[in-house]
There are 2 protein chains.
Amino acid sequence: MKLKDLAEQLGLSQTTVSRALNGYPEVNKATRERVAQAAQKFGYSANANARRLAIGRVGAIGILMPRDRSQRFGPHTSEFFSGLAERLSLDEMDLLMSPVVNNDELGAYRRLISSKRVDGIIVTGPTLMDERVAMLIEAKFPFVLHGRTNIQAPHAWLDIDNAGAFRQATSHLIDIGHRRIAMIDGHKGHTFSEHRETGYREALLERRIPVDPRFIAHEHFSDETGFHEAQRLLSYDPHPTAILAGSMMTALGVFRAIRSKGYELGKEVSVIAHDDVFPYLNASNMVPAMTTTRSSIRSAGSRIAELLVQIIDGEPVENIHEIWPVELILRQSSGPPVPPRR
Amino acid sequence: MKLKDLAEQLGLSQTTVSRALNGYPEVNKATRERVAQAAQKFGYSANANARRLAIGRVGAIGILMPRDRSQRFGPHTSEFFSGLAERLSLDEMDLLMSPVVNNDELGAYRRLISSKRVDGIIVTGPTLMDERVAMLIEAKFPFVLHGRTNIQAPHAWLDIDNAGAFRQATSHLIDIGHRRIAMIDGHKGHTFSEHRETGYREALLERRIPVDPRFIAHEHFSDETGFHEAQRLLSYDPHPTAILAGSMMTALGVFRAIRSKGYELGKEVSVIAHDDVFPYLNASNMVPAMTTTRSSIRSAGSRIAELLVQIIDGEPVENIHEIWPVELILRQSSGPPVPPRR
DNA sequence: GCATAAATTCAAAGCGCTTTGAATGAAACA
DNA sequence: TGTTTCATTCAAAGCGCTTTGAATTTATGC
């Protein structure tokens, strides 16, 4: 059933029916009701493509499948998506996930824009001089970046305070007596990873504790890499008395490594993990409960969707920058260093 | 830049340019080249909405945000999506995620169909008499179901052998001497959950071991529920000597509960988990390595995307039914029951 | 009771593409 | 050379909607 048919059924013009359905004021109330009922009855709903063509707006925002396979759809991505989806549903907006073909990421962004399949784009996991961001700015296409870059031209972004999180965690560990502190985080090049390392270094520097490069690891987030890196770290003599883990998955592996070496968690070796708040993996439920720097990636997604919709509606991009603070939540996996038993 | 502009630039008609771009044979080779070059140069790419309106095809498949919040975008969903996305990229198809508004799920499906935003739909997490499936069959809209229902009318589906997986795991446990075996799985009502329970019961029945209803738990998949349910199970006297966990997350909680009670995993209490193969959570890396029934949910997603594309291309739906076998992989978390050390 | 304003409704144009049916020019045939 | 055929190209119609500008009906003021 199309608009024409519906209009004929009702003995009205397409114009009136269209207006009735779209809530225009110049339609008689009785007529509007009648139209609504008929639409309901016949299960009519406008052909989205015709509608979009006519109004020049899509009602969807896009996101490209994250570039490297390892990052693609990790648990972080899915939590983030969940936040996006939740917010977008309020505006009845769709979320379009488009693949990167031929590994031509920039081209994929360009095509997504010029084919008018989406009203705006969300960019995640940026590097410091992210070329996708540069391109989108240049193209003047609405987008919001999750994370930050060093690119100066105005654009909208939302990021958490990664440097602050790791600075705070590191300082805390120093405060309670640790001197050999290691970190296992995500791959270098990504802004969040660089920022975290910066925070970590700043905290050490402030207390004049030298940075031991062996104590810094960059890997993707999984229990496996957490395990391997922690094993490596603990094999040094003296080994670190505290480990910062970039994600909950990493932390699971770190826990495992500490146990398998026979150390007591939270005593001989402390662990602080960054927690993106996964509904199915709760830091306070671990044994021992895990000390974390916490920030909900889902909430970030939700807010980003909101911002993008605002931008699409014409909000100027200049002032849309948010840095979210990260909470340090002390639990049992961290404590003053205790010399090894034995 | 639109087709008209591009055509004018080239001194050609829109017809010819369109045909050149879409690979029609009746275009001079030299012309085709020239057009391709110009398109590249001007960054032209057809307005997707106009194109779709004209050809009546969208180039996207849809999926609605899973219904209940708990299930929405768990780690399973994201792995599944990942598989879908991977396969769809081969066909340059988009994946459209549409929200369910006002909690009107069926209405959301109807609107998705009648608004012609997608060429086909993927349905997940069905119940035994899933109304969405019934509706889609009725509407004759292309779709593939991940899972199964008891609905008889022909429709395409792909499922793993959930009953077989749990039957096999249970039988194995019985074989090595267990008599009190518990299961913690997903919510009742979902087909996969019912099938698993069926498999479990069949295995017990076959050996004439009575089913203890206290030993069956249905909860959503998270480490927290795994922990709580396992705690409950282990508080019975006598307690189960083996626990089947419906997901890796659940298993993490179960591990924790067993340890916190002071039992030795794989001896006093065995655990077998169903593993959907998460790249960031590896069963063989746990300590002890976890015995699992394994089936990749990502591969399932990939295959389902493939099937849906075939259906959209006209493949009849009658014969598209796949049941994937599930492997039981023995590792250290299961073994013959050992009487508690005092 | 008539002119004017306000409330409704409508016909037709346009969104940017594909595709039908016709036109053109070149090559092949007789 | 005139006629066919084939290879290319084109003009125009149509996809289903929104929206402009005009037409009609109804309400209001004097």
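Below, read A as the first sequence line, B as the second, and so on, with proteins coming before strands; counting in each chain starts at 1.
The backbone N or O of B:R19 lies less than 3.5 Å from no partner atom in the side chain of B:N22, so there is not a single donor-acceptor pair.
The two residues A:D119 and A:G59 come nearest to each other via the heavy atoms OD2-N, 2.6 Å. Residue B:V309 comes nearest to B:L88 through the heavy atom pair CG2-CD2, 4.2 Å, listed as atom of the first residue, atom of the second, then distance. Residues A:F141 and A:V118 approach most closely at CZ-O, 3.4 Å, considering heavy atoms. Between B:M1 and B:Y44, the closest heavy-atom pair is O-CD1, 3.5 Å. In plain terms, the two heavy atoms of B:T127 and B:D130 that are nearest each other are N-OD2, 3.1 Å.
Of the two residues contacting DNA chain D, namely B:P25 and A:A54, the nearest-nucleotide position lying further toward the 5' end is that of B:P25.
Heavy-atom distances under 4.0 Å link DNA chain D to no residue of residues 33-48 of chain B. Of the residues in residues 6-21 of chain B, B:G11, B:L12, B:S13, B:T15, B:T16, B:R19 come within less than 4.0 Å of DNA chain D through at least one heavy atom, sorted by number.
Relative to the axis of its first five pairs, the axis of the last five pairs of the helix from C:dG1-D:dC30 to C:dA30-D:dT1 sits at 50°, rounded to 10 degrees.
A donor atom on one side chain and an acceptor atom on the other are not found under 3.5 Å apart for A:S45 and B:R111. If you check the side chains of A:R117 and A:S115, you find a donor sitting under 3.5 Å from an acceptor.
Between chain B and DNA chain C, the heavy-atom contact criterion of under 4.0 Å yields a 5' to 3' nucleotide range of C:dG16 to C:dG21.
Classified by interplanar angle (parallel below 30°, tilted 30° to 60°, perpendicular above 60°), the ring pair A:F143/A:H155 is parallel. In this structure, B:F80 and B:H146 have parallel ring planes: the angle between them is below the 30° cut-off, well short of the 60° mark.
Among residues at least two apart or in separate chains, side chain to side chain donor-acceptor pair (under 3.5 Å) pairs with a member in residues 307-322 of chain B are B:R57-B:D313, B:R303-B:E322, B:E322-B:W324. For residues 139-150 of chain B, every residue pair satisfying the salt bridge (Lys or Arg N to Asp or Glu O under 4.0 Å) rule, not counting sequence neighbours, is listed here: B:R148-B:D159.
In this structure, B:N49 reaches neither bases nor backbone, as no heavy-atom distance under 4.0 Å exists between it and the strands shown. Backbone-only engagement by A:I55 is indicated by non-hydrogen atom pairs under 4.0 Å involving sugar-phosphate atoms exclusively.
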Test log, rule side-chain contact (heavy atoms from CB on, under 4.5 Å), inputs B:M129 and B:T149: CA-CA 6 Å; B:M129 294 306 292; B:T149 68; over 6 Å; no

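In this structure, the CZ atom of B:R32 is 10 Å from the P atom of D:dT9, given to the nearest Å.
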